[in-house]
Amino acid sequence: MLFKKIKFYNSLAFRLGLTVFLSMTLIVTGIFWYQGREIQRVAKSSVSNLVQVLNESTANQITAILTVFENSTVSLKKSVEHSDKSLENIYWSIQNLLTMDPNLFYGSSVSFEPGTYHGTNMSFYSYWMNDQSATTNGGNFSMPSMPLLVETNLNSPDYAYFSQPWYTEPAEKLTPVWSEPYYDEGGGNTLMCTYSVPFFNEDNSFAGVVTADMGLEAFQNIITRLSTLKEGFAALVTDVGQVLVTPDGKNLIDDSVVTDLTDKEDLRKVQKIIDSGVVGFVDHVELSGQPVWLYRTMIEKSGWSVLFIVSEKDMLKGLDQMQKLEFHGFIVGNIFLLLAVLWISYNFTRPISSLADETMVIAKGNLDKPIQKEKRRNEIGFLSDAIEDMRVNLKSYITSLGETLAAKERITSELKIATSIQKSFLPSDFEIPGLDNIDIHAVLEPAKEVGGDLYSFFRMDSHRIFFTVGDVSGKGVPAALFMAVTLTLMKGMQRQKMSPADILKRVGHELSLQNERTLFVTVFCGILDTDTGILEYSNAGHLPPVWLSKGKEPRWLELPKGIVLGVVQYPVYTNSQVQLEPGDTLIVYTDGVNEAMNEKKELYGEDRLLNFTRGEEEKSVSEITSDICASIHQHAGNEPQSDDITILALRYKGQPENANAVLKQDEK
């Protein structure tokens with residue numbers, strides 16, 4: 001069987017099954033890919049929303065604490081400004097501030113501008129700290145009922161408080177200022193930030209600075225609550241990259257040094273994010289070689305940021321496991337799908353294979369074996385019926401084709417004989433003995449095997465030559481027969497001294513007799529006296545010849561009126577006469593020249609012919625006919641020839657040297 005000769009991987013069943021399998025696999029893969037992307041997007045969105053809520057809540061809590069801290073410090077400032085600035089009132093104001101929240105207020109001070117305290121030149125600086133909070137240092141922050149306040153004397157010239165940043169900056173700006181986090185030695189002896197507020201005399205002159213030190217450990221519980229997600233890590237950082245608070249208080253903070261984010265490569269990446277001013281959710285970040293998601297919330301009051309960093313791998317761990325299970329199921333399912341598709345394809349294409357085997361028998365030429373009919377009336381059943389009908393019709397067609405080919409060969413042979421016979425009617429030798437003062441040449445290219453165009457020339461006497469060109473209506477064998485009859489009638493008048501009009505009249509009468517097909521022929525004919533150069537001519541509905549003269553533009557030869565030959569029994573024609581000068585050339589042609597058409601359906605036309613012949617008078621008559629034919633074919637291009645092309649060129653070279661002697665002999 002043919003099906004067994006075809007390799008399996010080239011079979012229709014395999015290719016159909018593979019195409020279906022690959023298409024389904026591609027579709028399912030796209031669905032899985034899209035589903036994974038959407039799940040990842042939803043997971044990222046969920047984490048982003050959750051962290052956003054936690055971060056904003058944390059930022060709000062910190063902002064509230066900072067607001068309370070600032071307002072309390074400003075209250076201290078106002079208390080100092082409106083008091084008599086005695087030591088007792090200053091101490092009472094500081095103690096009142098520190099006892100508000102020992103976990104938040106580590107210490108406070110009132111420092112006077114040197115030379116302004118009660119008109120003395122001495123400096124005054126009083127710093128008090130909450131001993132309970134300082135000694136506890138991050139332990140249990142429950143407020144005691146009677147907190148212990150301790151004063152630290154920092155009026156030493158070695159300290160020079162009026163040159164410290166917490167004093168000079170608000171003194172210059174005359175506005176409250178938050179300091180960067182620092183470890184205060186000799187004061188609070190802990191990690192803190194100082195809020196400095198300038199106070200003024202009654203005349204609004206600068207009087208000094210009140211400060212309040214805030215222990216950053218007050219934010220420890222807040223940041224710890226933000227890290228309730230096990231996969232995440234939270235921190236409070238400044239705008240210059242200093243880490244203030246982490247969940248455990250030890251990962252990034254040393255007891256004596258504030259850790260900077262630029263200490264490690266990973267932290268430098270976070271620093272760049274902070275420097276860029278990005279707020280909100282940020283992904284596509286790698287820390288320690290692992291992709292992470294980061295969320296940043298700004299605290300406008302202090303310029304700090306709450307950061308939450310979560311590992312993308314940890315967050316998508318469950319998703320990855322689910323995708324692995326789906327991938328394994330996808331592979332197993334594809335294997336079963338491939339086997340099922342191949343089995344289905346094989347069963348569906350088996351009737352086609354059987355039909356292909358039977359068709360191959362027909363292809364080898366055996367048209368006697370019928371095609372087995374398919375029981376199921378589906379596309380294959382209809383195809384088998386169609387092939388069976390084709391076999392029967394093909395057998396009948398081959399039988400009739402043999403007979404047709406035999407008849408066609410017989411007709412072809414007869415047409416070749418007819419072509420040969422038709423060519424025999426046309427002159428092939430263009431040399432006329434005894435007439436050396438004229439040149440004549442003609443070409444005829446039929447559109448089919450035989451055509452209806454004609455040309456002829458013959459010598460009538462010692463100094464006269466007759467020439468003619470004609471075009472029979474129609475094509476094929478009837479036109480060729482009519483052309484042969486026309487030439488025969490004209491040659492029959494070779495020795496008769498008749499004018500061109502008389503010849504046309506006689507031939508037209510003979511052709512009209514028993515012309516049942518109503519064929520006709522257009523004819524131009526002329527008689528040239530080679531001694532004198534006088535051309536006498538007549539016309540039966542033919543195209544005007546082109547007249548070429550040396551030193552003159554090409555022009556048309558004026559023709560007398562005359563009806564075509566073969567339609568009237570007693571036609572009437574008239575003669576015209578012109579004088580040819582030595583070197584003059586006549587070009588007579590049929591409508592196959594001017595009606596030649598190219599692919600754009602543009603005709604060659606009379607104007608193109610007249611323009612083309614300009615300058616041709618210097619060439620030989622054979623070159624003239626050859627050039628015109630080449631121009632016609634170039635114009636037509638690939639368009640098939642639609643009509644016969646006939647061109648005859650005749651040139652008069654002048655009187656012969658013995659013209660007078662010949663003339664006298666003729667007169668005798």
Side-chain angles (χ1 to χ4, degrees), residues 414-432 440-461 464-515 517-528 536-543 545 562-569 571 573 586 588-593 625 643-650:
E414 292 174 354
L415 284 175
K416 289 181 180 179
I417 296 173
T419 302
S420 177
I421 294 174
Q422 184 183 24
K423 287 183 178 179
S424 67
F425 280 91
L426 303 175
S428 58
D429 186 3
F430 300 101
E431 296 291 336
I432 304 177
I440 191 168
H441 189 268
V443 294
L444 191 155
E445 296 182 0
K448 296 182 178 181
E449 289 82 357
V450 291
D453 279 10
L454 61 93
Y455 73 86
S456 184
F457 58 88
F458 50 80
R459 183 174 178 178
M460 300 186 71
D461 52 36
R464 291 194 308 160
I465 180 174
F466 173 84
F467 65 96
T468 183
V469 172
D471 184 5
V472 179
S473 63
K475 302 288 186 299
V477 175
L481 293 175
F482 203 76
M483 163 260 188
V485 172
T486 303
L487 284 178
T488 302
L489 291 173
M490 287 185 175
K491 287 183 179 180
M493 303 171 190
Q494 182 174 0
R495 295 301 177 181
Q496 300 183 27
K497 292 187 177 182
M498 300 176 66
S499 69
D502 293 336
I503 294 174
L504 292 179
K505 189 183 301 182
R506 180 74 59 85
V507 173
H509 175 73
E510 295 295 333
L511 290 176
S512 65
L513 300 176
Q514 298 180 350
N515 185 9
R517 297 180 61 91
T518 319
L519 295 175
F520 63 87
V521 57
T522 65
V523 175
F524 172 87
C525 66
I527 298 176
L528 175 64
E536 187 178 20
Y537 60 92
S538 186
N539 184 56
H542 202 73
L543 299 169
I563 194 171
V564 296
L565 301 181
V567 296
V568 179
Q569 289 191 8
Y573 300 98
L586 283 181
V588 191
Y589 60 94
T590 60
D591 58 5
V593 174
T625 57
D643 200 358
D644 304 333
I645 297 175
T646 301
I647 305 172
L648 182 144
L650 181 143

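By convention here, the first residue in the shown sequence is residue 1.
Annotation: side chain of Leu504 is in contact with side chain of Cys525 (closest heavy-atom distance under 4.5 Å). Under the 4.5 Å side-chain criterion, counting only non-hydrogen atoms from C-beta, Val443 is not in contact with Ile645. Between Pro500 and Phe524 the shortest side-chain heavy-atom distance does not fall below 4.5 Å. Met483 is listed as a side-chain neighbour of Leu426, based on a closest heavy-atom distance under 4.5 Å. The side-chain heavy atoms of Phe467 and Leu586, taken from C-beta on, include a pair separated by under 4.5 Å. Counting only heavy atoms from C-beta outward, the side chains of Pro446 and Leu444 approach each other to under 4.5 Å.
Residues Thr646 and Asp453 have side chains that bring a donor and an acceptor to within less than 3.5 angstrom of each other.
Side chain of Thr468 to main chain of Ser456: no donor-acceptor pair is present (N/O by atom type, distance under 3.5 Å, no hydrogens or angles). Distance alone, capped at 3.5 Å, is enough to place a donor-acceptor pair between the Tyr573 side chain and the Ile563 backbone. Side-chain N or O atoms of Asn515 include one that pairs as donor or acceptor with a backbone N or O of Gly566 at under 3.5 Å.
The aromatic rings of His441 and Phe430 lie tilted to each other, with the angle between the two planes from 30° to 60°.
When all heavy atoms are compared, the tightest approach of Thr625 to Ala649 is CG2-CB, 3.9 Å. Closest approach of Met498 and Ile527 over heavy atoms only: O-CD1, 3.3 Å. Contact between Ser473 and Ala479 at its shortest, heavy atoms only, is O-CB, 3.9 Å. The shortest non-hydrogen separation linking Pro478 to Leu519 is O-CD1, 3.9 Å. Between Thr486 and Phe482, the shortest heavy-atom contact is OG1-O, 2.8 Å. The minimum heavy-atom distance between Lys491 and Phe458, with the atom names listed, is CA-CE2, 4.2 Å.
For the atom pair Glu510 CD and Gln569 CD, the distance stands at 10.0 Å (nearest 0.5 Å). In this structure, the separation between CG on Leu565 and CG on Leu511 is 6.0 Å, given to the nearest 0.5 Å. Rounded to the nearest 0.5 angstrom, Ile503 CD1 and Phe466 CZ are separated by 4.5 Å. Note that CD1 of Ile432 and CZ of Arg459 are 8.5 Å apart. Values are rounded to the nearest 0.5 Å.
Within 6.0 Å of CZ on Arg506 lie no more than 12 heavy atoms contributed by other residues, nucleotides or ligands.
Considering Leu543, Asp471, Thr522 in turn, Asp471 is the only one that fulfils the side chain to side chain contact (heavy atoms under 4.5 Å, CB included) rule with Thr590.
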